[in-house]
Amino acid sequence: MSEHKDFLRLKVEEDLKQGKYKEVVTRFPPEPNGFPHIGHAKSICINFGIAKDYLGHCNLRMDDTNPTTEDTRYVEALKDAVKWLGFDWGEQVYFTSDYFPKIYEYAVQLVKMGKAYVDSLDEEQIREYRGTVTQPGRRSEYANRSVEENLNLLERMRQGEFKEGEHVLRAKIDMSAANMKMRDPLLYRIRHAHHFRTENEWCIYPMYDFAHCLSDYIEGVSHSICTLEFENNRDIYDWVLDTLKLEPPRPYQHEFARLGINYTVMSKRKLLELVNGGYVSGWDDPRMPTIAGYKRRGYTPESILNFCDQIGIAKANSMVDVSQLEFCIRDDLNQKVPRVMCVLDPIKVTIENYEGSEEIDASYYPHDVPKEGSRKVPFSKELYIEREDFMENPVKGYNRLTPDQPVRLRHAYIITCKEVIKDANGEVLEIKATYHPNSKSGQDKSGIKVKSAIQWVDAKTARKIEVRLYDRLYKNEAPESVEDLNPHSLHIIKNALIEPAVITDKVDERFQFERQGYFYKDPVDYKDEAPVFNKIVGLKDSWAKKTKVDESAAKPTPKPEVKKEVIHGEAQAMNESQQAFFDKYTNELKLNDEVANILARDEKLSSFYNETLDYLSRLHFLNQLSFNLENCNILAANIVANEVAKELKEKSVEELKFTTSHIAQLVKMVEEETISSKIAKEVFEQMTQNGESPTHIVEAKGLVQISDPAVILPIIDDIIAKNPDNVKKFKAGNSKLLGFFVGQVLKTTGGKANPKVVNELVAQQLNA
Ligand code: ATP
Ligand code: MG
């Protein structure tokens with residue numbers, strides 16, 4: 001249990017302290033009219049979680065009072081979901097329908113007490129008599145029926161003498177109550193319908209408000225936890241239990257905020273519409289926000305539990321960003337699952353100077369060196385790489401294979417492109433390449449510098465697989481209807497290629513396909529002969545990335561004249577773990593070679609940096625993804641490779657005054673432009689001296705960056721006024737003087753002014 005207790009747990013503790021209950025009993029009471037969704041997961045976590053924390057019990061109860069919508073199929077789905085999330089409801093599943101006889105007895109009792117009556121108004125009249133929020137209602141004339149008459153009518157209702165809607169049973173409370181729900185609420189209605197459990201035994205069914213509190217009481221529930229929309233029903237809950245003068249202890253209702261997630265719908269009714277309308281393949285379609293959908297997609301129960309834990313329990317409804325859930329699954333799988341190579345859009349590479357074949361021993365956990373486990377990856381003359389990993393006319397900053405830029409084949413050799421073979425339309429069909437025999441990963445003596453390592457598969461042994469890529473089900477953040485469905489939420493790739501070790505008859509396996517994302521063997525369609533994989537989630541938040549400039553959409557740079565291959569004669573080969581870090585730093589984190597090289601080769605630095613990355617990703621999450629993590633990772637790399645490296649030349653990590661979390665905080669402040677990078681250096685100096693946290697230093701010294709034009713403008717105007725000569729020269733065309741003015745402003749503010757803002761404002765004032 002986390003230290004910070006939510007209001008429900010505080011309430012439970014108070015009740016236990018006061019001896020109100022001997023044991024905490026909660027319940028999860030779904031209506032079996034659809035598959036449970038992630039909102040239900042929250043309710044499951046709360047109800048079962050609280051019971052577990054206080055050594056009590058949580059009942060799984062099917063709230064099956066509506067015969068027309070319910071089905072055993074949904075009961076099974078609900079049981080599956082609770083079980084899959086790791087909770088235990090004990091010996092039996094409870095059903096409200098099992099209490100129908102008991103609930104009927106309570107109804108008779110209320111009638112006998114003069115607290116309930118049979119009303120014969122029709123639906124419309126009932127509504128009309130109820131009044132409005134501003135107007136009190138009036139009571140039906142049937143409310144004057146005698147107890148005997150009511151008992152007689154109720155019994156005949158039960159016997160099936162009347163048509164639907166002819167009569168209802170109502171509580172006699174208060175037709176002018178401010179809470180509209182208390183204006184003689186309905187307790188029973190007639191439904192001539194077959195019930196999936198009681199079959200045709202009953203033709204009257206208790207309403208939620210009557211059945212729920214009594215079911216709780218019958219089961220000895222202590223805390224009846226539900227969502228906020230039931231707040232107004234609490235009065236009826238209390239009224240029923242109190243009026244019947246039931247033997248204590250009785251349960252009390254407590255409400256919490258419903259979970260909503262953007263880009264999806266969260267109501268069984270709307271989800272049913274998707275299933276029935278054929279918009280998805282079923283309740284367990286991997287795009288559905290149902291537990292069955294997440295399960296089939298490859299989410300782990302741990303990731304969902306973590307998510308529910310992190311969103312917390314509150315009393316105000318709010319919308320949670322779906323990327324928070326995606327973060328949880330990524331975070332869970334990152335360390336757990338083996339990494340393998342798969343090529344989604346293959347392009348052939350023939351290595352002209354390679355003959356024969358070999359098997360390369362490749363770690364399944366290259367990022368986590370102590371973790372054991374590896375497989376043999378076949379290597380030979382003919383390979384496939386990702387089409388995207390080759391560019392004939394590369395854009396600026398393209399780090400992968402080009403006619404002039406060699407690349408490392410992950411776990412294997414460096415190759416150089418020699419020739420590009422194209423079809424009549426200019427489509428690349430094949431790349432002829434050479435490999436560098438002494439460049440093998442982990443034993444690289446070639447000295448060839450490459451900017452990245454790419455995945456590949458061996459043509460002869462690779463296995464063909466189907467890959468299903470999923471995107472958000474809806475294109476709108478707050479979807480209303482099927483019109484808002486994302487037409488590109490499913491993309492099927494039929495002919496992806498994967499290294500052979502992955503294909504076995506084992507199911508329920510997850511992998512990271514390096515550089516692609518996390519994948520799961522589809523539990524329904526996967527076959528050894530025709531393997532199908534679901535993409536669980538990408539390696540990064542792809543929606544955050546989509547707003548940035550797409551690498552391939554950028555303008556191609558002119559082809560360089562000179563070959564850029566740099567050969568360092570004596571560079572020492574990296575060992576396998578160093579190489580793995582280097583690859584990760586350059587590929588995933590987009591660090592430049594030089595920084596990646598410094599970090600990867602020094603164990604102290606790489607472990608320091610890796611820990612800083614962890615902190616950053618946690619900060620990122622805790623701050624609701626409010627800052628740019630990629631930039632922070634790069635900033636942190638620079639600080640670690642330069643500043644921290646200097647410190648670590650003389651000291652061990654234990655001797656440092658500052659920690660990795662300090663560096664993460666510092667970098668975050670720079671990225672968020674709270675402080676300038678100049679001030680960051682000053683703060684860092686201080687951190688090395690006294691170990692204070694950077695946020696403290698910045699606050700205490702008032703170093704927060706000034707970005708407010710209202711503060712900066714007067715300073716600029718002042719400097720402009722004091723330097724009329726330079727203004728004249730600037731206006732005459734000496735644009736270099738812009739730098740002079742900017743420099744003066746920064747100096748005046750002690751380096752605290754935001755340089756970007758200053759630049760813009762200076763230009764604006766000078767050109768005014
Ligand atoms: P839906 O509107 O999706 O059909 P519901 O509230 O009708 O949901 P039930 O089967 O009656 O679904 O709910 C079972 C339990 O799950 C209830 O206690 C309900 O409050 C809770 N629950 C349902 N949806 C959510 C949600 N989005 N967030 C948290 N709890 C939820
Ligand atoms: Mg409901």
Side-chain angles (χ1 to χ4, degrees), residues 6 8 25-51 58-66 68-82 85 87 89 93-97 206-209 211-213 215-216 219 221 223-234 237 251-276 283 288-294 304-305 307-320 322 324-325 478-479:
D6 54 81
L8 292 172
V25 181
T26 56
R27 83 289 170 266
F28 171 59
E31 185 184 350
N33 60 351
F35 274 54
H37 48 62
I38 183 96
H40 292 106
K42 178 175 176 183
S43 182
I44 291 170
C45 286
I46 290 174
N47 282 297
F48 281 93
I50 288 179
C58 179
N59 291 346
L60 172 59
R61 182 202 312 149
M62 300 299 152
D63 189 14
D64 55 346
T65 53
N66 185 0
T68 54
T69 54
E70 294 156 4
D71 196 83
T72 38
R73 180 168 173 238
Y74 301 132
V75 173
E76 290 312 309
L78 283 154
K79 283 159 69 177
D80 280 350
V82 174
L85 287 171
F87 294 109
W89 57 80
V93 174
Y94 294 89
F95 291 86
T96 301
S97 55
M207 305 297 290
Y208 169 88
D209 283 317
H212 201 82
C213 51
S215 305
D216 283 349
E219 288 176 11
V221 166
H223 296 81
S224 179
I225 299 166
C226 62
T227 36
L228 275 176
E229 67 272 21
F230 292 100
E231 209 169 356
N232 287 337
N233 302 61
R234 197 197 319 134
Y237 191 100
Y252 284 87
Q253 177 183 309
H254 307 276
E255 309 91 21
F256 69 95
R258 217 180 158 77
L259 169 67
I261 296 188
N262 57 7
Y263 295 102
T264 192
V265 292
M266 198 92 85
S267 117
K268 283 176 284 183
R269 188 181 50 79
K270 285 190 179 161
L271 295 173
L272 181 66
E273 194 185 330
L274 296 179
V275 174
N276 287 345
W283 284 101
M288 290 280 270
T290 52
I291 312 279
Y294 289 117
I304 305 236
L305 296 177
F307 173 71
C308 291
D309 197 38
Q310 282 166 6
I311 55 176
I313 307 173
K315 271 211 166 262
N317 282 321
S318 68
M319 188 65 95
V320 173
V322 59
Q324 206 161 326
L325 176 61

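Whatever order the structure lists ligands and atoms in, that order sets their numbers, starting from 1. Any value given below was found using the heavy atoms of this structure, including those in side chains, with hydrogens, waters and symmetry copies removed.
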**Report entry** Audit row: E273, K270, salt bridge (Lys or Arg N to Asp or Glu O under 4.0 Å) steps and yes/no
**Finding:** CA-CA 5 Å; E273 194 185 330; K270 285 190 179 161; over 6 Å; no

Query - Ion pair R61/E219, N-O distance below 4.0 Å - result: yes

Query raised in the report: If you measure every N/O of K268 against every N/O of ligand 1, is any gap under 3.5 Å?
Result: yes

Report task. List for me each residue that meets salt bridge (Lys or Arg N to Asp or Glu O under 4.0 Å) alongside D6, sequence neighbours excluded, and say none if there are none. Result -> R9

Report summary line: Closest heavy-atom approach to atom 25 (C) of ligand 1 among A41, C45, P289, G39 is made by G39

Query raised in the report: Which heavy atom of D63 sits nearest a heavy atom of E70, and at what distance?
Result: O-OE2, 3.6 Å

Query raised in the report: Taking N or O atoms only and a 3.5 Å limit, does R269 qualify as a polar contact for ligand 1?
Result: no

Report task. Using distance alone, determine whether E229 and ligand 1 share an N or O pair under 3.5 Å. Result -> no

**Report entry** Ligand-residue contact atoms, ligand 1 with T227, heavy atoms, under 4.0 Å
**Finding:** 19 (C), 20 (O), 29 (C), 30 (N), 31 (C)

Report summary line: R73 meets the side chain to side chain donor-acceptor pair (under 3.5 Å) criterion, sequence neighbours left out, with none

Query - Under 3.5 Å side-chain donor-acceptor pair for D216 and Y237 - result: yes

Query raised in the report: What atoms of ligand 1 come within less than 4.0 Å of a heavy atom belonging to S43?
Result: 15 (C), 16 (O), 18 (O), 21 (C), 30 (N)

Report task. Indicate yes or no: does an N/O atom of N33 lie under 3.5 Å from an N/O atom of ligand 1? Result -> no

**Report entry** Distance-only N or O hit between ligand 1 and P30, under 3.5 Å
**Finding:** no

Report task. Flag L259 as yes when one of its N or O atoms lies below 3.5 Å from any N or O atom of ligand 1, and as no otherwise. Result -> yes

Report task. Report the member of E31, R258, K270 with the shortest heavy-atom distance to atom 8 (O) of ligand 1. Result -> R258

Query - Sub-4.0 Å atoms of ligand 1 with respect to non-hydrogen atoms of M266 - result: 3 (O), 27 (N)

Query - Test side chain to side chain contact (heavy atoms under 4.5 Å, CB included) applied to E31 and K268, step by step - result: CA-CA 10 Å; E31 185 184 350; K268 283 176 284 183; 4.1 Å; yes

Report task. Mind checking whether H37 contacts ligand 1 via backbone (N, CA, C, O), side chain (CB onward), both or neither, at a 4.0 Å heavy-atom cut-off? Result -> side chain

Query raised in the report: Closest approach of M288 and V275, non-hydrogen atoms and distance?
Result: CE-CG2, 3.7 Å

